[in-house]
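Some notes on the structure that comes next.
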There are 2 protein chains.
Amino acid sequence: MMKFSARSAGPALKPSLDTPARPAGGRTRQANEARILEAAEAVFAEAGFTGASMQAIAERAGLPKANLHYYFGTKELLYRTLLGRILDMWVDAFDHITPDRDPAEAIAAYITDKMRWSRTRPLASKVFANEVIHGAQQIEGYLSGKLRQIVAEKAAVIDGWVAEGRMAPVDPVHLFFTLWATTQTYADFEVQVRAVLARDRLTESDFDHATDQILRLMLRGCGLEVPHTVPDGR
Amino acid sequence: MMKFSARSAGPALKPSLDTPARPAGGRTRQANEARILEAAEAVFAEAGFTGASMQAIAERAGLPKANLHYYFGTKELLYRTLLGRILDMWVDAFDHITPDRDPAEAIAAYITDKMRWSRTRPLASKVFANEVIHGAQQIEGYLSGKLRQIVAEKAAVIDGWVAEGRMAPVDPVHLFFTLWATTQTYADFEVQVRAVLARDRLTESDFDHATDQILRLMLRGCGLEVPHTVPDGR
DNA sequence: GTCTATAGTGAGATAGAC
DNA sequence: GTCTATCTCACTATAGAC
């Protein structure tokens with residue numbers, strides 16, 4: 001089933017997911033690894049690390065279980081690879097926080113981006129949430145290394161805005177904790193949100209409304225006003 | 001080890017955890033069940049439902065594994081019992097939201113209460129979070145039943161405040177989503193918070209500072225001011 | 001009521017044919 | 001590179017002695 005679709009030569013049509021170092025392996029290897037990672041994201045999100053079985057991931061990917069071990073060695077290595085991809089996406093939204101930008105626009109763009117991520121990649125968000133809740137053993141170094149550093153940089157930007165009197169005095173680090181929690185809850189706790197809203201599923205307009213409410217609440221909380229040009233995020 | 005401490009007669013010294021119907025069983029039964037539930041909370045929080053083993057819970061409770069099955073039947077029933085206790089605590093904080101109260105004081109009391117809960121019962125919060133993230137199969141009825149109803153009631157209270165012009169116009173349901181996420185993240189994502197703050201553990205003063213920041217941000221976001229008498233929550 | 005010993009199941013991982 | 005068949009082990013649950 002689906003062996004070689006578009007086997008045209010030349011560089012890969014799109015790098016889809018940026019691989020650690022160079023995109024090792026041939027075309028079929030890359031395609032299979034991508035399929036396995038996509039299936040793994042769904043199964044790990046649904047069941048957690050221990051609850052997920054290699055059998056379930058293999059079935060979802062449409063491959064025999066042994067192939068997963070051939071490509072990724074162990075369940076833990078597959079999981080770690082998946083986490084790495086997710087973490088890369090996680091920090092991208094920080095790019096919006098730059099000193100030259102208008103505070104309201106920058107923070108609005110950050111919120112909008114994180115909300116879009118919750119809508120389009122809820123499974124990735126759940127895998128990350130599950131990992132952190134259960135101790136973050138696989139990504140401890142990342143959290144206290146790269147993440148801490150980038151938060152420090154971006155907190156300095158916000159401190160600058162506060163010092164210039166361009167927004168209300170807030171502790172930027174706790175502001176980030178609040179923004180992460182508020183936006184990710186629409187992915188991680190989606191079931192609860194749906195239950196309370198009495199929805200079968202969350203539509204795009206549900207997300208637009210939620211984003212609008214969060215923007216108002218958070219920007220007003222920062223002593224800012226919602227910018228007319230709600231930035232597009234990316 | 002520790003067989004009968006305080007076996008004085010009369011009614012139970014304190015009902016500790018309110019049981020479903022009547023506190024069925026004798027003193028030792030109640031004591032053992034409480035020990036098992038406490039151990040289960042810790043193990044389920046650390047490892048999730050599938051990752052937790054009855055062996056690990058038994059060891060933590062200092063009892064043989066077979067006793068857990070004697071008291072609770074199956075792993076799933078033990079888990080469901082634990083979830084029931086946690087849900088009861090979860091809705092208690094809503095008691096602060098009443099029409100007669102000052103909006104700023106009521107919301108401040110709600111936030112303060114939820115933050116105290118994150119500090120004192122982080123394990124319970126994690127068990128709940130894990131359950132919701134992975135589909136809330138065990139508590140679906142509760143979420144779309146009792147929880148939805150109580151949220152509707154309390155949302156009406158906030159709508160009333162808004163209609164009276166006592167606070168900024170907000171969608172109360174999404175406000176609750178934000179308050180839940182913001183306060184519970186200090187329990188569920190504690191590892192991440194500690195990593196970013198470079199703390200070995202979160203102290204009481206860390207929580208006081210976080211609570212203060214959340215109060216400022218959220219109340220200002222609702223067009224309110226932090227009340228002078230920061231309510232004690234309970 | 002309590003606990004030891006064990007049955008039965010399903011998991012991760014791999015050998016070895018293709 | 002791919003996949004079937006299988007090894008080994010940990011887990012839930014229970015039978016049955018005390």
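Just the heavy atoms: all of them, side chains too, but no hydrogens, waters or symmetry mates, feed the values below. Convention: sequence-line order gives letters A, B, ...; per-chain numbering from 1.
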(Q) I'd like to know if B/Arg85 pairs up with B/Asp88 as an ion pair, taking the criterion as any Lys NZ or Arg NE/NH1/NH2 lying under 4.0 Å from an Asp or Glu carboxylate oxygen. (A)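 A salt bridge is absent here (no side-chain N lies under 4.0 Å from a carboxylate O).
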Q.
Strictly below 4.0 Å, N to O, side chains only: are A/Arg60 and A/Glu46 in salt-bridge contact?
A.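 The answer is yes: the pair qualifies as a salt bridge.
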Q. Which nucleotide in the set D/dT2, C/dC3, D/dC3 lies at the smallest distance from any side-chain heavy atom of A/Asn32?
A.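 Selected nucleotide (nearest to the side chain): D/dT2.
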Value in whole Å for how far the [atom2] atom of [N] lies from [atom1] of [X]:
X       : N      : atom1 : atom2 : value
B/Lys65 : C/dC3  : NZ    : P     : 14 Å
A/Ile57 : C/dG12 : CD1   : P     : 8 Å
A/Met54 : D/dT6  : CE    : C1'   : 17 Å
A/Leu63 : D/dC3  : CG    : P     : 7 Å
B/Phe49 : D/dC11 : CZ    : P     : 14 Å

Q. B/Asp206 and B/Thr203: side-chain donor and acceptor closer than 3.5 Å?
A.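 A donor-acceptor contact under 3.5 Å links the two side chains.
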Q.
Just to be sure I understand the rule, does B/Ala58 reach a base, reach only the sugar-phosphate, or reach nothing, if contact means heavy atoms closer than 4.0 Å?
A.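 Touches nothing.
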Q: Indicate the ring-plane relationship of A/Phe128 and B/Phe189, choosing parallel, tilted or perpendicular according to the 30° and 60° boundaries.
A: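 Correct class here is tilted.
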Q: Count the heavy atoms of every other residue, nucleotide or ligand shown that sit under 6.0 Å from CD of A/Gln138, and state whether that count exceeds 12.
A: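 Yes - once you tally the heavy atoms of other residues, nucleotides and ligands closer than 6.0 Å, there are more than 12.
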Q. Among residues 66-79 of chain B, which residues get a heavy atom nearer than 4.0 Å to DNA chain C?
A.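 The answer is B/Ala66, B/Asn67, B/Tyr70, B/Tyr71.
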(Q) When you measure from the centre of the six-membered ring of B/Phe49, is the NZ or CZ of B/Lys75 closer than 6.0 Å and no more than 45° off the axis? (A)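 Positive - B/Lys75 is close enough to the ring of B/Phe49 and near enough to its axis.
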